[in-house]
Amino acid sequence: MKRNGKLLAAPYTLWMVAFIVIPLFFILFYGFTDNDFNVTLGSIAQISKPVNLKALWLSIELSLISTVLCLFLAYPLAMILKGKGRSSSSFIVLIFILPMWMNFLLRTFAWQTLLDKNGVINTVLSAVGLPKQNIINTPSAIILGMVYNFLPFMVLPIYNVLVKIDDNVLNAARDLGANEVQTFVKVTLPLSLPGIISGITMVFVPALTTFVISDILGGGKILLLGNVIEQEFQIMNWHTGSGLSIVLMIFIFVSMLITAKYDKEGEGSLW
Amino acid sequence: MANKLIELAGITKRYGDNVVLDDLNLYFNENKFLTLLGPSGCGKTTTLRIMGGFETPDSGHVFFDGKDITNLPPNKRELNTVFQKYALFTHMTVAENIAFGLKIKKKSGNYIKDKVKYALKLVNLDGFENRMPDSLSGGQQQRIAIARAIVNEPKVLLLDEPLGALDLKLRQDMQYELIRLKNELGITFVYVTHDQEEALTMSDTIVVMNQGYIQQIGSPEDIYNEPCNAFVADFIGESNIFPATFLEDKLVEIFGHKFECVDTGFGINKPVDVVIRPEDIDLVPEGAGTLDGVVTSLIFKGVHYEMEVEAAGREWLVHSTDLSPVGARVGIKVDPFDIQIMNKPESEDEEAVKIDET
């Protein structure tokens, strides 16, 4: 039986090694070597170049803003979904997830068309006599793209923890004298923390590393670290690309450590 | 007559087309152990939730100490609830759980500390302050849920099948604990259960409910010994319920055999139901009883033997400490005061009985 189990895991193990472990090893290998394959920290040190540093900070800033926006949009939505009955909530979830069945690039290009200087939104705005909005090719457009694309990843984990909270636990808080706001702050919110944490991770990490959204909605003028890395690989500079990737991985790793630590504290008392 | 602590007046509650409670009237006084007893779906939990404020009745009023609290939210009501499956705050320690209500009321730190300690002592869980609810057994969690409710010194404690998830032994222990708690605290307990034994053990007053109607209100002895209809008789304990004819005062005919009884006033030659508890049937030698029968099954139940006797074409359930082997021919004898006569129900849904006790 145990042998069998190992055998069944073999395809997965093979997949992991071939497509995760080995590529990761290559990134580390290229990141810590120079063009002549001498071991060096030079590739990683490329991050200190002002243009790269600027891209890194912008990446962090935009993904943080997007994550916060996602959280504030997703939590009320998840609450509303929980309040609905099973049938109507699954309908709303369906509507919500429907765009995810379309190609990610297609969706982002759609926003490009919508936000364009002479795009749908501006055409409508000028038709009703309102000033045109210059959103495309600004950080705001990138944030919009991030929030739009990653919002479901925030809603679903929060919704999942919310529906698992027994109604009687909330009733108990009301019974003990807490009004609706106190019940939310002292019971609902702390109990849903694991969902919030995993939502934050699932939005922050892809937002931090994206280069497609910034490429399409930033018009190539706004460089995030993802774009810089992509460009380095485009010009076959694998060492610098890998070095910068390692820097980005460190940031992701640190952010996950912080959330994991916060989650552990959240299991205890929060008030 | 003492003042009415809680009064439900003309409460009706529907879920869609399903009428859960139909014009329910009920009141009770201070320092009582009141049990709402009935099968699932009888409306007992809904009644409790209406008292707690978690449901709003479609019509009717809830009075607490003479004040109309029908539309008051739960947090404004001076009563506390112990929920089914405990409903503890899993992200807080035991002490924080118990302190929850007191902190909301902005009591001082020292007061809260003393109260938590006192409450834990009361439920026999001293020193559990810093444990997390998840690390406790079901019985311990239930005690915490009770402690969390009673620190707030409610006048009424509502308990919604609190022992349902516990095993038999623990359940019996907790029954005695609850009686002790009620007596120590001197507050009213309103207890919801479908377990008739639990109800008989703990209650001062039992309210038997079925299909949204109150069937009977009375002390455990009244309910057990003098069920007012076949539903109550059948639900509370085991019983033989037979169709019979009330020939005249103090004489009833069951399957063609005349039995003396003590009841009067059911008319002459009226169809009625009779209830005979299995322990009230005496097996006597053949020919010495009112009718004869054959023992068809015999089960040892510990305290007594449970026998089925076939007589007059029907099975008679008999509990006795004396054994009669299967196949034995026996006589059946019932003392007059052990025969309980009931009017036949007019319909499936029994009418709600007006309350007229204490």
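Protein chains get the first letters and strands the later ones, always in sequence-line order, with residue 1 at the start of each.
Residue B:D126 places its CG atom among more than 12 non-hydrogen atoms of other residues, nucleotides or ligands, all under 6.0 Å distant. Enclosure of atom CZ in B:R180 by more than 12 non-hydrogen atoms of other residues, nucleotides or ligands within 6.0 angstrom is indicated. Within a 6.0 Å sphere centred on CZ of A:F25, heavy atoms belonging to other residues, nucleotides or ligands number 12 at most. For B:Y15, the OH atom is densely surrounded, since the number of other residues' heavy atoms within 6.0 Å is greater than 12. More than 12 heavy atoms of other shown residues, nucleotides or ligands fall within 6.0 angstrom of atom CD in B:E7. At most 12 heavy atoms of other shown residues, nucleotides or ligands fall within 6.0 angstrom of atom NZ in B:K76. In B:Y111, the OH atom is crowded: over 12 heavy atoms of neighbouring residues, nucleotides or ligands sit closer than 6.0 Å. Counted within 6.0 Å of CE on A:M256, heavy atoms from surrounding residues, nucleotides or ligands total 12 or fewer; the atom is thus considered open.
Remark: B:K85 NZ to A:N168 CG distance equals 8.5 Å, nearest 0.5 Å. The structure places CZ of B:F100 at 6.0 Å from OG1 of A:T183, a figure rounded to the nearest 0.5 Å.
B:H91 places a side-chain N or O within 3.5 Å of a backbone atom of A:K186 that can act as its donor or acceptor partner.
With a 4.5 Å cut-off on non-hydrogen atoms, B:N80 touches chain A through its backbone and its side chain both. Contact annotation for B:R49: only side-chain heavy atoms (C-beta onward) come within less than 4.5 Å of a heavy atom of chain A. Only the backbone of B:L88 comes within contact range of chain A, judged by heavy atoms closer than 4.5 Å.
Put simply, of B:L79, B:N75, B:T81, B:V82, the one with the most heavy-atom pairs under 4.5 Å next to chain A is B:N75.
Inspection of non-hydrogen atoms places A:N171, A:A172, A:A173, A:R174, A:D175, A:L176, A:G177, A:A178, A:N179 of residues 171-180 of chain A under 4.5 Å from chain B.
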